[in-house]
Engineer: 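I have a structure here, written as structure tokens, and I will follow up with some questions on it.
This is a predicted model, so every value here is computed, not measured. Naming convention: chains lettered A, B, ... in sequence-line order (proteins, then strands); numbering from 1 in each chain.
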Number of protein chains: 2
Amino acid sequence: MKQPECDSCQEQCEHPQAICLAKEMVLPDQEAQELAELFKMLGDPTRVKILQVLSAQELCVCDLAAVVEMGQSAVSHQLRLLRNARLVKYRREGKNAWYSLNDDHVIALFQQGLAHIRHS
Amino acid sequence: MKQPECDSCQEQCEHPQAICLAKEMVLPDQEAQELAELFKMLGDPTRVKILQVLSAQELCVCDLAAVVEMGQSAVSHQLRLLRNARLVKYRREGKNAWYSLNDDHVIALFQQGLAHIRHS
DNA sequence: CCTATATGTGAATACATGTTCATATATAGA
DNA sequence: TCTATATATGAACATGTATTCACATATAGG
């Protein structure tokens with residue numbers, strides 16, 4: 001077994017080797033933060049529904065509001081968050097703003113997530 | 001094209017067909033809720049780190065606190081959430097409580113998530 | 001039984017989040 | 001230009017969340 005190398009393990013830790021191994025592999029702050037941001041964006045039922053229905057077709061704001069049964073304003077606020085997170089894009093056509101997924105990665109996450117909650 | 005079938009589409013909606021198709025496929029409330037809960041659980045950098053290091057080895061509370069550089073109490077609170085969500089399990093051995101992942105599904109989600117943030 | 005150590009937890013705090021309301025902006029059509 | 005409709009957004013509010021502090025519980029070893 002290799003010896004712990006990080007300084008902080010020499011004094012106070014209960015199980016220095018385990019800690020050092022863990023410290024070597026743990027995601028750096030920024031990446032952990034970004035990953036958490038991504039999951040946080042998927043961590044709201046309204047946004048879940050929005051993203052899910054957008055995976056099948058482009059929809060405008062008032063349609064989305066009808067589908068998820070929420071006010072137009074609430075949906076619009078959520079869409080802004082999803083836009084900022086680059087999870088959705090939109091195009092303007094006359095009075096309507098048509099939203100769609102920016103890429104399909106999110107769908108893979110949904111599928112994994114659904115698989116998890118469905119048999120666990 | 002098939003006609004819209006859901007009642008609510010007959011009156012107010014802007015694009016009834018799109019809405020009806022979406023309504024037919026949208027996740028039911030409870031499932032959207034559960035999925036959101038799962039992602040919410042992954043939506044915090046501390047928990048992200050905890051789960052990630054637990055994917056490699058079993059660790060006790062004070063070790064986890066050292067690795068994620070947070071107080072023992074904070075870690076303990078987070079572990080309770082993760083326990084309630086059945087994402088981690090633990091066994092007591094003397095004075096220590098050794099935590100580990102309950103299953104490996106979460107890791108798949110992390111990998112998907114990392115893939116997403118790393119090239120997007 | 002007493003002490004030291006590891007862990008769990010309630011209360012308090014600060015902060016983040018989601019929705020609503022009112023209103024602003026943008027566009028189409030008269 | 002004026003009106004109607006779709007969308008965006010700021011402010012306010014209520015609720016949720018993460019951390020800290022103080023303390024409770026549990027266990028090992030005198």
Engineer: List the steps and the verdict of side-chain contact (heavy atoms from CB on, under 4.5 Å) for B/Phe110 and B/Gln52.
Structural biologist: CA-CA 8 Å; B/Phe110 274 10; B/Gln52 189 226 353; 4.0 Å; yes

Engineer: Whole angstrom is fine here: how far is it from CG in A/Asn96 over to P in D/dA4?
Structural biologist: 19 Å

Engineer: For nucleotides 15-18 of chain C, which of its nitrogen or oxygen atoms have a protein nitrogen or oxygen under 3.5 Å away, and what is each distance?
Structural biologist:
from   : atom 1 : to      : atom 2 : distance (Å)
C/dG18 : OP1    : A/Arg47 : NH1    : 3.1
C/dG18 : OP1    : A/Arg47 : NH2    : 2.9
C/dG18 : OP2    : A/Arg47 : NH1    : 3.3

Engineer: Mind listing the N/O atom pairs, protein and nucleotides 8-11 of chain D, below 3.5 Å?
Structural biologist:
from   : atom 1 : to      : atom 2 : distance (Å)
D/dA8  : OP1    : A/Tyr99 : OH     : 2.8
D/dA8  : OP2    : A/Ser76 : OG     : 2.9
D/dA8  : N7     : A/Gln72 : NE2    : 3.0
D/dT9  : O4     : A/Ser73 : OG     : 2.6
D/dG10 : O6     : A/His77 : NE2    : 2.8

Engineer: Around atom CZ of B/Arg86, are there more than 12 heavy atoms from other residues, nucleotides or ligands closer than 6.0 Å?
Structural biologist: no

Engineer: Over how many whole Å does the gap from A/Glu93 atom CD to D/dT7 atom P extend?
Structural biologist: 11 Å

Engineer: With a 3.5 Å cut-off and sequence neighbours excluded, list the donor-acceptor pairs that the side chains of residues 33-44 of chain B form with protein atoms.
Structural biologist:
from    : atom 1 : to      : atom 2 : distance (Å)
B/Gln33 : NE2    : B/Glu37 : OE2    : 2.9
B/Glu34 : OE2    : B/Gln30 : NE2    : 2.6
B/Asp44 : OD2    : B/Thr46 : N      : 3.0
B/Asp44 : OD2    : B/Arg47 : N      : 3.1

Engineer: Please name all residues satisfying side chain to side chain contact (heavy atoms under 4.5 Å, CB included) with B/Lys95, sequence neighbours left out, ordered by chain then number.
Structural biologist: none

Engineer: I'd like to check the salt bridge (Lys or Arg N to Asp or Glu O under 4.0 Å) partners of B/Asp29; sequence neighbours left out, ordered by chain and number.
Structural biologist: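 Counting only residues at least two positions away or on another chain, B/Asp29 forms a salt bridge (Lys or Arg N to Asp or Glu O under 4.0 Å) with A/Lys49.
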
Engineer: Sequence neighbours excluded, which residues qualify as side chain to side chain contact (heavy atoms under 4.5 Å, CB included) partners of B/Glu31?
Structural biologist: A/Leu114, A/Ile117, A/Arg118, B/Leu27, B/Pro28

Engineer: Same hydrophobic cluster for A/Leu64 and A/Trp98, using side-chain heavy-atom links shorter than 4.5 Å among ILVMFWY?
Structural biologist: no

Engineer: How close do A/His116 and B/Asp103 get, heavy atom to heavy atom, and via which atoms?
Structural biologist: NE2-OD2, 3.8 Å

Engineer: Report the distance from atom CG of B/Leu64 to atom P of D/dA18, rounded to the nearest whole Å.
Structural biologist: 17 Å

Engineer: Just the rounded figure in Å: distance from P of D/dG16 to CG of B/Asn84.
Structural biologist: 16 Å

Engineer: Nearest-Å distance, NZ (B/Lys95) to P (D/dT27)?
Structural biologist: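 Taking NZ of B/Lys95 and P of D/dT27, I get 12 Å after rounding.
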
